[in-house]
**Student:** 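Below you will find the structure I want to go over with you.
One is the number of the first residue; the rest follow in order along the sequence. Values below: all heavy atoms of this structure, side chains included; hydrogens, waters and symmetry mates excluded.
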Amino acid sequence: MSDFRASLKQFGPIGIVAIVVILFTGNIIGAILVLLWASETRTPWRTLGLVSPRNWPKDIAVGLVAGIALKFVVKAIVMPLLGASAINAAYHGLQGNAAALPMMLFMVIVGGGVGEEIIWRGFLFERLRALLGQSARAKIATVLITAALFASAHFSDQGLAGSEQAVCTGLVFGIWYTLGGRLWPIMIAHAAYDVAAVLMIYFGVEESIAGMFFR
């Protein structure tokens, strides 16, 4: 391995800069950079969770059901208990906006479901495993650290409520990935979660869902 390749995979200045650049260049570009980083450092894709599915129909079904169910639990139970507004103000302009819907769906499926999982679970888990090891404590720390970073990344455009939701999904998807080691079903679940969120806003049903159990 060349000196540059070795530096990319270590935690010196070049390696740290690579991590920062990946985290701050957006979900789609960042995910592409992760794959380029893996190619340059000769890191197998399987260590990023990109393992061939054993059963595509099962992974798709599990991901869809889990993602939609998680969104309803977060919207109807978790966020009301945290005192969050029933309306996602950052994206309220999407309600009934048919012109904006296709691009938004594309962004949450490709940027959220695929891109964010490659970055925040696949890449960061690999980096933290290399740094902290694979003990039980290291795995717990990895889940907590990545969930916290994932939440902070949502604060600038969605505020506190967005960060609270991201903590929930970061913990759930992080634990899932730790136990299973495969990103594909989590990507599907993440995309389903985000699509459900978008459709709740688009059809104007956020308040009714948020008030299902707590009024």
Side-chain angles (χ1 to χ4, degrees), residues 1-54 59 63 107-158 162-191 193-194:
M1 184 181 289
S2 69
D3 291 342
F4 179 69
R5 285 174 177 166
S7 297
L8 274 177
K9 204 159 186 178
Q10 294 168 358
F11 291 93
I14 293 177
I16 292 173
V17 167
I19 294 171
V20 171
V21 169
I22 285 170
L23 295 184
F24 283 91
T25 50
N27 300 331
I28 295 176
I29 295 175
I32 293 171
L33 291 177
V34 168
L35 300 181
L36 291 174
W37 174 90
S39 175
E40 183 65 24
T41 60
R42 297 178 182 174
T43 300
W45 282 23
R46 64 178 178 273
T47 64
L48 301 175
L50 298 173
V51 182
S52 298
R54 301 186 187 97
D59 277 355
M107 291 303 299
V108 300
I109 292 171
V110 177
V114 177
E116 286 187 342
E117 289 308 314
I118 288 176
I119 295 168
W120 299 98
R121 253 62 66 183
F123 176 70
L124 274 189
F125 270 64
E126 192 281 337
R127 294 288 71 207
L128 287 170
R129 279 196 301 267
L131 182 65
L132 303 176
Q134 300 193 57
S135 67
R137 288 184 177 180
K139 290 178 180 179
I140 292 170
T142 295
V143 171
L144 294 176
I145 291 169
T146 54
L149 291 174
F150 187 57
S152 67
H154 286 73
F155 183 80
S156 62
D157 66 329
Q158 297 186 48
S163 293
E164 290 170 343
Q165 289 195 68
V167 165
C168 295
T169 56
L171 290 173
V172 171
F173 295 151
I175 292 169
W176 188 350
Y177 182 51
T178 299
L179 296 176
R182 297 187 303 124
L183 275 186
W184 297 116
I186 303 173
M187 287 180 178
I188 295 166
H190 190 150
Y193 179 98
D194 286 354

**Student:** How long is the straight-line distance from CG of Leu128 back to NZ of Lys139, given to the nearest 0.5 Å?
**Tutor:** 13.5 Å
**Student:** Which residue pairs pass the ring pair (Phe, Tyr, Trp, His ring centres under 6.0 Å) test with at least one member in residues 127-146, sequence neighbours excluded?
**Tutor:** none
**Student:** Sorted by first residue and then second, give each ring pair (Phe, Tyr, Trp, His ring centres under 6.0 Å) pair with at least one member in residues 20-48; sequence neighbours left out.
**Tutor:** Trp37-Phe123
**Student:** Between Asn27 and Gly111, what is the shortest heavy-atom contact and its length?
**Tutor:** CB-O, 3.1 Å
**Student:** Just checking Ile28: does its CD1 atom have more than 12 heavy atoms from other residues, nucleotides or ligands closer to it than 6.0 angstrom?
**Tutor:** yes
**Student:** Among all residues two or more places apart in sequence or in another chain, which pass the salt bridge (Lys or Arg N to Asp or Glu O under 4.0 Å) test with Glu117?
**Tutor:** Arg121
**Student:** Less than 4.5 Å apart, any side-chain heavy atom of Val108 and any of His190?
**Tutor:** no
**Student:** With side-chain contact (heavy atoms from CB on, under 4.5 Å) as the criterion, how do Leu8 and Ile14 come out once you've worked through the C-alpha distance, each side chain's angles and the decisive distance to 0.1 Å?
**Tutor:** CA-CA 6 Å; Leu8 274 177; Ile14 293 177; 3.9 Å; yes
**Student:** Who pairs with Ser156 by side chain to side chain contact (heavy atoms under 4.5 Å, CB included), at least two apart in sequence or on another chain?
**Tutor:** none
**Student:** Sequence neighbours left out, what passes side chain to side chain donor-acceptor pair (under 3.5 Å) with Thr43? Give chain and number order.
**Tutor:** Lys9, Thr41
**Student:** Of the non-hydrogen atoms in Ala141 and Leu132, which two are nearest, and what is the gap between them?
**Tutor:** CB-CD1, 4.2 Å
**Student:** Once side chain to side chain contact (heavy atoms under 4.5 Å, CB included) is applied, do any residues pair with Leu23, and if so which ones, sequence neighbours excluded?
**Tutor:** Ile19, Ile119, Trp120, Leu124
**Student:** Atom CG of Leu35 and atom OG of Ser39: how far apart are they, to the nearest 0.5 Å?
**Tutor:** 9.0 Å
**Student:** With sequence neighbours excluded, give me every salt bridge (charged side-chain N to carboxylate O under 4.0 Å, His left out) pair touching residues 168-178.
**Tutor:** none
**Student:** Not counting sequence neighbours, list each pair that qualifies as a side chain to side chain donor-acceptor pair (under 3.5 Å) and has a residue in residues 162-181.
**Tutor:** Lys71-Gln165, Gln165-Tyr193
**Student:** Mind checking what makes ring pair (Phe, Tyr, Trp, His ring centres under 6.0 Å) contact with Trp184, not counting sequence neighbours?
**Tutor:** Trp56
**Student:** My understanding is that only residues two or more places apart in sequence, or in another chain, count here; which of them pass side chain to side chain donor-acceptor pair (under 3.5 Å) with Arg182?
**Tutor:** Asp59
**Student:** Checking side-chain contact (heavy atoms from CB on, under 4.5 Å) for the pair Ile109/Asp194: CA distance, chi angles, key distance, verdict?
**Tutor:** CA-CA 7 Å; Ile109 292 171; Asp194 286 354; over 6 Å; no
**Student:** Please list every donor-acceptor pair under 3.5 Å in which a side-chain atom of residues 145-153 meets a protein atom from a residue at least two apart or in another chain.
**Tutor:**
| from | atom 1 | to | atom 2 | distance (Å) |
| --- | --- | --- | --- | --- |
| Thr146 | OG1 | Thr142 | O | 2.7 |
| Thr146 | OG1 | Val143 | O | 3.1 |
| Ser152 | OG | Leu149 | O | 2.7 |

**Student:** Roughly how far apart are Leu171 CG and Leu144 CG, rounded to 0.5 Å?
**Tutor:** 6.5 Å
**Student:** What is the distance from atom CG of Leu50 to atom CD1 of Ile118, rounded to the nearest 0.5 Å?
**Tutor:** 5.5 Å
**Student:** Not counting sequence neighbours, which residues clear side chain to side chain contact (heavy atoms under 4.5 Å, CB included) with Pro44? List them please.
**Tutor:** Arg46, Thr47
**Student:** Quick one: pull up CZ in Arg5 and CD in Glu40 and give me the separation to the nearest 0.5 Å.
**Tutor:** 5.0 Å
